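All values derive from a computational prediction rather than experimental measurement.
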Amino acid sequence: MSTNAALAQIFESMADVLELTGANPFRVNAHRRVARVIESLAEDVAAIVRRSPAELTAFEGVGEASAKKIVEFVETGSVAEHGELLAQIPPGLPQLLRVPGLGPKTVRMLWQDVSIDSLAALTAALEAGRLDGLPRLGPKTIANLKESLAFMAQSSERVRLGQAIPVAEAIVAMLAALPGVVQAAFAGSLRRGRETIGDLDVLVATTNAAPVAKAFETMGATIDGSKGAQESRGSAKRGFRSEAHGSPPPLPKVTKVLASGETKVSVRLDNGMQADLRIVEPSAFGAALLYFTGSKEHNVRLRERAIAQGMRLNEYGLFPDDGEAAPQDRGVKPVASKTEESIYKKLGLPWIPPELREDRGECTQPIPADLVSLEDIRCELHAHTNASDGSMSLEELVRAAKSRGFHTIAVTDHSRSSVQANGLSPERLIEHIKAIRAVEAKVGGIRVLAGSEVDIHADGSLDYDDDLLAQLDIVVASPHASLRQEPSKATERLLAAVRHPLVNIIGHPTGRIINGRPGLEPDIAAIIAAAKESNTALEINAHHMRLDLRDSHVRLAVDAGVNIAIDCDVHAPDDFDQLRYGVMTARRGWLPRSLCVNTWDAEQLEGWLRAKRGASTVTTAKPARRKPK
DNA sequence: GCCGTTTTCGGCCCGACTGTTTTCAGTCG
């Protein structure tokens, strides 16, 4: 685990103990906030401490006391106060806070009054009926707790972005098709493009809430016939560049209604996710969308800003602050509420793209005016054919790329060491290059770059000789094996590849699989510095299982002015649709169009590729290229 | 514990829903 992750966990743990021992809730929150700050740091916190410990308190939410603990951790590997806190409670107690429906007050009561100090003890006590009759633990709460424990036992981790968005879109489409629905959208971390999602947040604007709530509770099963649900499914999945590939996911089924009020419904779905619906008046849609998109920290920033300007912000709008609560219930007219833009404007801010709303400076620093967007992407530089482990023939791949409107597609099949992926021997690669030239001429209207996704060996060497690499138009170098290397070795390995004169892009630099494997943990700052120096691009692999580079690393690379490639690592036709996840990750890293090589026109792209290889041994004559259309 | 365009002390975002209790505490987002 990285230093940042370990330290963030310690602050979270301290917050848990403080909460369970009844400390000042603001002190508890202060610890949680420091944990979040550390977790979202792009740079290794140890590096900051080594450079200048005083920098720590420059981060909002980190004060003198926390800075001291951070330094202590970097120097000694632990925080003494953490140990002292842990000694005050049974080790199993914090786990109880993770049980849905159990909060600090109840856990504390269970611990002190009936000696329940672990999940196992809670389970046993529930089964034995020992909790019956305790204050505020009526039969319904008892039943809910049993259900929560059962759910915890079989539920898994957070859901990946690419799994959640199609489901959310199906639900939104179903709701949007209901009569009287003015607007429907998903919000929350899904809209912010986080790599994993805790639950789905859906928002609907209507003046007739009851049927919407009902439809949500049943996922459209009660809609007249199945008209609404069926019709909506056709438009549920919006394919990239207006082409829907594959079939849209069916609507999930509801396994339990967790809460059902006039404006709020929560359900558990058969895919294990929880989905929350909020229903608002059309006039408050913007305020509600802003509120439910979050993040929580971003919202707090906005509210503080509102207060400083004599206003009050809630999910119903931005109101003049008259000192009384709930202005919306007293007929107070909002200053702004209908759109997000209007609210930001009244707060003196530009509209902030959802991906940036993480309290990482978006309210105080200038946002890139040319933040990269899906429409900006004009080429794909990492794609496989059935020559290695792709499903498409060379021609099918090129035609698929052309149909997406790309000016260039790079064919980058695996190199020889990726035996499991049918990597190409040098001889096969030479034949492949010829085939690529032939298909480019045959299909026409799109540039086809002859490339390779070359394995970076554990020692940093590449899988083909330089003479062969020099015959290619583009080289993507990626780590595939030895992904549990020591960080120092991983750093050396990647640095060697970054600095190699024939490498244009480092593919999925860490090799991580979200919810699968952690991948390499190199000194990312060193990689970024070398990439800048060598004019090598770092990839955001857009596949939702990878998203590698991750958002925080992208931000660091952007700050250093490093070029970024957003690529789908295409193996099958549908993989082009992964692009949106890569773009969301890029936006979370504040990537401007100018630093994204996929947004460049063909001339600029090829100029960059040539510049990188100009000093190399490239001597092979290449067939003349058409000008881009 | 953190923070300051009235503040180095005294605040710290705001509301919905549930279950229990009978006016509200606790949890959640």
Q: Under a 4.0 Å N-O cut-off, is there an ion pair linking A/R357 with A/E340?
A: yes
Q: The side chain of A/N314 is closest to which nucleotide in this list: B/dA16, B/dG15, B/dG29?
A: B/dG15
Q: Side chain of A/D276 only, heavy atoms from C-beta on: which candidate in B/dC17, B/dG19, B/dG29 is closest?
A: B/dG29
Q: Assign a letter to each nucleotide of nucleotides 4-13 of chain B from its 5' end: B, base within under 4.0 Å of a protein heavy atom; S, sugar-phosphate only; -, no contact.
A: --------BB
Q: Rounded to whole angstrom units, what separation is found between the CG atom of A/L131 and the P atom of B/dG19?
A: 17 Å
Q: Is there a side-chain polar atom (N or O) of A/S266 under 4.0 Å from OP1 or OP2 of B/dC28?
A: no
Q: Does any nucleotide pair with B/dG15 by Watson-Crick or G-U wobble geometry, both distances under 3.5 Å, and what is it?
A: B/dC28
Q: Mind calculating the distance between NE2 (A/H298) and P (B/dG29) to the nearest angstrom?
A: 20 Å
Q: Between C1' on B/dT27 and CG on A/L258, what's the gap in Å once rounded to a whole number?
A: 13 Å
Q: If you count the non-hydrogen atoms of other residues, nucleotides and ligands that lie under 6.0 Å from CD in A/E64, is the total more than 12?
A: no
Q: Is any side-chain nitrogen or oxygen of A/K264 closer than 4.0 Å to OP1 or OP2 of B/dT18?
A: no
Q: What distance, rounded to whole Å, do you find between the two P atoms, one in B/dG29 and one in B/dT22?
A: 28 Å
Q: Between A/T263 and B/dC17, is there a side-chain N or O to OP1/OP2 distance below 4.0 Å?
A: yes
Q: Heavy atoms under 4.0 Å, any strand shown: does A/V62 hit a base, just sugar-phosphate, or nothing?
A: sugar-phosphate
Q: Quick one: label A/K69 by what it contacts on the DNA or RNA (base, sugar-phosphate, nothing), any heavy atom closer than 4.0 Å.
A: sugar-phosphate
Q: Are any of the side-chain heavy atoms of A/M273 and A/R268 separated by less than 4.5 Å?
A: no
Q: If you measure from the P atom in B/dT20 to the same atom in B/dG26, how many Å do you get, rounded?
A: 14 Å
Q: What's the spacing between A/I514 CD1 and A/D548 CG if we round to 0.5 Å?
A: 8.5 Å
Q: Is the backbone of A/M109 close enough, under 3.5 Å, to the side chain of A/Q112 for a donor and an acceptor to pair up by distance?
A: no
Q: Take A/D270 and A/T255 through the test side-chain hydrogen bond (donor to acceptor under 3.5 Å, both in side chains) and record every step on the way to the result.
A: CA-CA 6 Å; A/D270 60 352; A/T255 57; over 6 Å; no
Q: Round to the nearest Å and state the distance from A/L97 atom CG to B/dT27 atom P.
A: 9 Å
Q: What is the distance from CG of A/L96 to C1' of B/dG26, rounded to the nearest Å?
A: 16 Å
Q: Nearest to the side chain of A/A259, heavy atoms from C-beta on, is which of B/dT18, B/dT20, B/dG26?
A: B/dT18
Q: Taking the side chain of A/A65 as heavy atoms from C-beta outward, which of B/dG19, B/dG26, B/dG1 is closest to it?
A: B/dG1
Q: Tell me what A/P100 touches on the nucleic acid: a base, only sugar-phosphate, or nothing, going by heavy atoms under 4.0 Å.
A: sugar-phosphate
Q: Using atom C1' in both nucleotides, what's the gap between B/dT23 and B/dT18 to the nearest angstrom?
A: 15 Å
Q: Base, sugar-phosphate, or nothing: which does A/L137 touch, judged by heavy atoms less than 4.0 Å apart?
A: sugar-phosphate
Q: Under the criterion side-chain contact (heavy atoms from CB on, under 4.5 Å), I'd like the reasoning laid out for A/Y344 against A/I352: C-alpha separation, chi angles, the key distance, then a yes or no.
A: CA-CA 8 Å; A/Y344 278 113; A/I352 296 175; 3.8 Å; yes
Q: For A/V99, answer base if it contacts any base atom (sugar-phosphate contacts may also be present), sugar-phosphate if it contacts only those atoms, and nothing otherwise; contact means non-hydrogen atoms under 4.0 Å.
A: sugar-phosphate
Q: Measure CG/A/L134 against C1'/B/dT21 and give the value in whole Å, please.
A: 16 Å
Q: If the glycosidic angle sits within 90 degrees of zero it is syn, else anti. Tell me which applies to B/dT5.
A: anti
Q: Quick one: sort the A/H544 and A/Y581 rings into parallel, tilted or perpendicular, breaks at 30° and 60°.
A: perpendicular
Q: Where the side chain of A/S66 is defined as all heavy atoms beyond and including C-beta, which of B/dG1, B/dG19, B/dG15 is the nearest nucleotide?
A: B/dG1
Q: Can you tell me if A/S260 touches the phosphate of B/dC17, counting only side-chain N or O atoms and a distance under 4.0 Å to OP1 or OP2?
A: no
Q: In this structure, how many angstroms lie between the P atom of B/dG15 and the CD atom of A/E262, rounded?
A: 17 Å
Q: Looking only at atom P, what distance separates B/dT21 and B/dT27, rounded to whole Å?
A: 15 Å
Q: Within the supplied structure, the quantity of interest is the number of heavy atoms (other residues, nucleotides, ligands) at a distance under 6.0 Å from A/E262 CD; does it exceed 12?
A: no
Q: Please classify the nucleic acid contact of A/P104 as base, sugar-phosphate, or nothing, using heavy-atom distances under 4.0 Å.
A: sugar-phosphate
Q: Using the P atom in both, what is the distance from B/dT7 to B/dG11, to the nearest Å?
A: 15 Å
Q: Between B/dT8 and B/dC12, how far apart are the two C1' atoms, rounded to whole Å?
A: 15 Å
Q: Extract all donor-acceptor atom pairs below 3.5 Å that involve side chains of residues 84-101 of chain A and protein atoms in other chains or at least two apart in sequence.
A:
from: A/R98; atom 1: NH1; to: A/D16; atom 2: OD2; distance (Å): 3.4
from: A/R98; atom 1: NH2; to: A/D16; atom 2: OD1; distance (Å): 3.2
from: A/R98; atom 1: NH2; to: A/D16; atom 2: OD2; distance (Å): 3.1

Q: CG of A/N29 versus P of B/dG1: gap in Å, rounded?
A: 14 Å
